Each structure stands twice: as structure tokens, then as C-alpha cells.
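Data block below; observations after.
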2 protein chains.
Amino acid sequence: MPVKKIDSPQDLSTEAKIRAAARTVFHKKGFAATRTRDIAEEAGINLALLNYYFRSKEKLFQIIMMETMKHFMNGMIGVFNDEKTNLESKIQRVAISYIDLMIKDPEIPLFILSEIRANVDDFFSQMPIAKVILNSALMRQYKKAQADGEISNMEPIHFLINLMSMIVFPFAAAPMLKKVASLTDPQYQKMMEDRKVLIPIWINTLLKP
Amino acid sequence: MPVKKIDSPQDLSTEAKIRAAARTVFHKKGFAATRTRDIAEEAGINLALLNYYFRSKEKLFQIIMMETMKHFMNGMIGVFNDEKTNLESKIQRVAISYIDLMIKDPEIPLFILSEIRANVDDFFSQMPIAKVILNSALMRQYKKAQADGEISNMEPIHFLINLMSMIVFPFAAAPMLKKVASLTDPQYQKMMEDRKVLIPIWINTLLKP
DNA sequence: GTCTATAACGTGATAGAC
DNA sequence: GTCTATCACGTTATAGAC
């Protein structure tokens, strides 16, 4: 009886190989700078197969973009809307899950920020992201805590910006940061690990009434 | 006696027109996505003139990149190394001068973050930025205040990251932010103006001993 | 489904007239 | 210095054999 094997590149279907390669290359170089040949080479397949499976570079890119956005948003929405946790633990979980995601996949933040600039409306027309975030359990709890005088009067939008800034920015600026602070990769990783616990503490400090 | 006129596009030399157009287009679209024809059109000149004055797209880009980095760093270095101001007022001035710079030129942060990724070493080999920042008056004052127990024990690198994150990130994420929070441009601008005074207050709160 | 060969097109760069 | 016309090349996409 054959043992179920973990997927390895050789086991993937051609279509899956192309998709995985496209994700890697697009994430690293962005749409304009990647050539379909890069993707074919990364996937170890013939260039013609890319068009056979995905019709065009643009179609393939849209698939990766949507998939990446969904991946990035799903974690968020889950945590933001968990009715069972309170504000403080939500902040902890946002920091942890996002930093984990970006340690695993450090190209994502800059990829999203860069590629969205060109096509803001395309994506958000399909994703009702504004409503989802502004009406999330997190935001409701935040406003309630404010109304009850349990936290400071920092405007909700600034709270959100500050939280996301402290989490995401050091990843978007990683190459520069490493240079400026002369950090080795392990040192950098350690720092980001530390921030998983530090950011919630800092945010709590800012929210003290 | 002719009155000295403020520069307007018509008054600029052809070379200056191309340079200004290149700055605009490169900042907005990045190197890979801009076509030399875009720049020529933006400048209102013939495509051949671009190569006549700048030899190649790449040479022109390097000029813009260096110029932009210098523009971005100069403000910083001036404030960071002003021996006459104390830590608290330096933090205020960093927030104000950077936010002003990015309100005026909102494409700069994402441009730098994206384009540096491809060529980190190229730029920093020419700019001794690590030494300049780590040995700045700001950093010395920070460490001294810490040794004297006047501020909290937040590690200097985290202090720097948090400060820059809160300042820069909302500009890098502006398109997304506007969508998510359903902000009009004036509302967005107002928010960034507010942050010029709020960020120093928040940072001070974090640094309370 | 997968390959090789090539078409079709876009883009950076230049020649040469003015 | 500035223009038009064109080249040279790289890249996306497809035709057609296997």
C-alpha cells in the first residue's frame, strides 16, 4: 500500500508547476519586469505550455494576483471577525499571523503594494474589502471600548494604520533595512520574531486611556 | 528690464524637460513598466532627443534614481545630525519634514522601495548610509537618554523602524488605504497632516520610561 | 500534452535629412 | 538641436509536427 507522499515539484501537474513558478517570479519581480521565459525556466517546462494552459501572461498574472490577495486577506478576515476573542488578543493574533505569513513569504507586501497601484479598482471592485474591515468585529470592539472609556481616543483609522504600519513596513523595506542596520538574515529574522510580541505591547501602551 | 520668471515647462531646456518627465513617469510606473516613448510624450519632445541627451533609458533612470535618493536622504541627514536640537524636537522635525516631502511627492516611497529591491547594492555601495544613520546625532542622543534612564528601553533599531513605519507606510499604501477607508483625496491629505503632530506624541508615549 | 520553429508585435536605439 | 524613418532586438504568442 503506497504511502501518501508530500508534494514535491516533480509530483505536481504541469499546470501546477507553471502556477507555482509564476507565483515565485511575479512576486519577486512584478508584472512588468518578468518575462514569460523566466516563468517557463523556473517551472522547468517549455514556453509554449504556458500559453497552452493560461492563454496569456496577463491572464496568468491575474490568477496569481487574485490568489495572493485572497491569501493575504483571508488570514486577516478570520482574525478580525473572530467573535470569541477580545480586542487585546485580536491585536496579538493579527501581529502573529501577519508576521508569520511574511516571514514565510517576504515578497508579498511589496508585490501587493506595487502591483495594486496600477490597478486599484480592478481588485477592489471584486473584493468588498472596505465594508469587511470597517464592519469587522475588531473595529466594533475598538469603538465600543472607546465609548466605554477603556482605551484612549485614538481615531480608529489611525489605530488601524499604526498597527499595520508597524507590522508590514519592515518587510516592505527589508532590503534597505538590512543594509542600513548591517543585519545578517538570521539577525533580521530574529528581530521580526521579536516584533510579534513587541508590537501588541506597544499598541497597548498607545491605547492606555 | 525683464522680470525673472518662475520656471514653467515651456521655459525649461529640452534636457530639463526630459529629466522632469522621466522623473514623473519613472516615479509612477517604475523602470520596467515605463517606455521611453512615455517619457518623450510627457516631455512633449521627440523620442530621438531622449537618446541624444541621455544615451539610454538605463542611464536616464540611474540619474533619476540617484537624484531621488539624494533628495530623500538629504532632508533626513540634515535633521538627524542637527546638533542644536534635542531628541524630542528631532522626532517632531523628522515627522514633519518627511510627511511634507511625501505629500508633495507621494510616489516617492513606493518608487524607492520597489526599485531598490532589484539593485540594493548598487546604491548603497555609493552611499555610506549605514554609518550615517547609526552614528547620527539622533541615535547618539537616543542611546544617551536610554543610558540616563530618561526613556524606555526600546531597542534603537525598533525605535527607528517604528518611527519610519508610521511616517512612510501610509504613503506607500495610499491607494489601498483610500479604498479600504473610503477616503476622498482631501480627507486623506487631512489625515496625513494630522499625523505630523500625532506621530511624535505617540512615539513619546512609547518612550516613557 | 509537449515540443520546435516562427510569426507578430513592441520597444530601445540610431541614421541621416533638415 | 530636432525631426522622420527605420533598424535591431527581445518578448509574447501561435502554428504545426509528434
Side-chain angles (χ1 to χ4, degrees), chain A residues 7-68 111 114-115 117-119 122, chain B residues 5 7-68 107 111 114-115 117-119 122:
Chain A
D7 280 0
S8 72
Q10 304 90 320
D11 296 328
L12 296 174
S13 68
T14 300
E15 183 177 340
K17 273 192 278 189
I18 297 172
R19 191 190 288 257
R23 187 164 40 237
T24 304
V25 181
F26 279 140
H27 280 187
K28 188 149 85 193
K29 312 218 274 186
F31 177 79
T34 71
R35 294 163 303 157
T36 50
R37 282 169 170 80
D38 298 338
I39 298 174
E41 195 184 350
E42 173 81 23
I45 53 97
N46 190 276
L47 172 58
L49 286 176
L50 190 150
N51 293 82
Y52 175 76
Y53 281 103
F54 295 96
R55 266 186 58 87
S56 75
K57 177 186 177 185
E58 203 141 17
K59 299 267 183 206
L60 178 53
F61 178 77
Q62 280 172 12
I63 289 171
I64 300 299
M65 184 74 199
M66 285 303 169
E67 178 196 279
T68 304
F111 170 78
S114 309
E115 298 299 331
R117 183 165 43 161
N119 326 313
D122 293 10
Chain B
K5 277 183 289 192
D7 281 359
S8 73
Q10 305 89 318
D11 296 327
L12 296 173
S13 68
T14 300
E15 183 177 340
K17 273 192 277 188
I18 297 173
R19 191 189 288 257
R23 188 163 38 237
T24 304
V25 181
F26 279 140
H27 281 186
K28 188 149 85 193
K29 312 218 277 186
F31 177 79
T34 68
R35 295 164 303 155
T36 50
R37 283 168 171 80
D38 297 337
I39 297 173
E41 194 185 351
E42 173 80 22
I45 53 97
N46 190 277
L47 172 58
L49 286 176
L50 189 152
N51 293 83
Y52 176 77
Y53 281 103
F54 296 95
R55 264 185 58 87
S56 76
K57 177 187 176 183
E58 204 141 19
K59 298 266 183 210
L60 178 53
F61 178 77
Q62 279 173 12
I63 289 170
I64 300 298
M65 184 74 200
M66 285 303 169
E67 177 196 280
T68 304
E107 313 279 3
F111 171 78
S114 308
E115 298 299 330
R117 181 165 46 161
N119 327 313
D122 294 11

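Since the model is a prediction, treat every value here as computed from it, not as a measurement. Reminder, nothing fancy here: chain letters follow the sequence lines and each chain counts from 1.
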Would you tell me if any nitrogen or oxygen in the side chain of [X] comes within less than 4.0 Å of OP1 or OP2 on [N]?
| X | N | value |
| --- | --- | --- |
| A:T36 | D:dA13 | no |
| A:N51 | D:dT12 | no |
| B:Y53 | D:dT2 | yes |
| A:R35 | D:dT11 | yes |

What is the separation between atom [atom1] on [X] and atom [atom2] on [N], rounded to the nearest whole Å?
| X | N | atom1 | atom2 | result |
| --- | --- | --- | --- | --- |
| A:E58 | D:dA13 | CD | C1' | 13 Å |
| A:Y52 | D:dA15 | OH | P | 14 Å |
| B:L50 | D:dT4 | CG | P | 15 Å |
| A:I18 | C:dC3 | CD1 | C1' | 13 Å |

Where the side chain of [X] is concerned, which of [options] is the nearest nucleotide?
| X | options | result |
| --- | --- | --- |
| B:S56 | D:dT2, C:dT2, C:dA13 | C:dA13 |
| A:K57 | C:dT4, C:dA13, D:dT12 | D:dT12 |
| B:A48 | D:dT12, C:dT2, D:dT4 | D:dT4 |
| A:N46 | C:dA13, C:dT4, D:dT2 | C:dT4 |
| A:L49 | D:dT6, D:dT2, C:dC3 | C:dC3 |
| A:L47 | D:dC3, D:dT12, D:dT6 | D:dT12 |

Query raised in the report: Minimum heavy-atom separation for B:A40 to B:L47, with atom names?
Result: CB-CA, 3.8 Å

Requested in this report: Sort out for me which residue in A:I63, A:D38, A:T68, A:L60 forms a side-chain contact (heavy atoms from CB on, under 4.5 Å) with A:F26.
Outcome: A:L60

Requested in this report: Inspect the contact between A:K17 and A:E42 and indicate whether a charged nitrogen and a carboxylate oxygen are less than 4.0 angstrom apart.
Outcome: no

Query raised in the report: Counting any heavy atom closer than 4.0 Å, what does B:R37 reach on the DNA or RNA strands: base, sugar-phosphate only, or nothing?
Result: base

Query - Stacked cation flag A:K28 on A:F111, 6.0 angstrom / 45 deg - result: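 Judged by the rule (NZ or CZ under 6.0 Å from the ring centre, within 45° of its axis), A:K28 is not positioned above A:F111.
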
Report task. Determine, stepwise, if the pair B:R19 / B:Y53 fulfils side-chain contact (heavy atoms from CB on, under 4.5 Å). Result -> CA-CA 10 Å; B:R19 191 189 288 257; B:Y53 281 103; over 6 Å; no

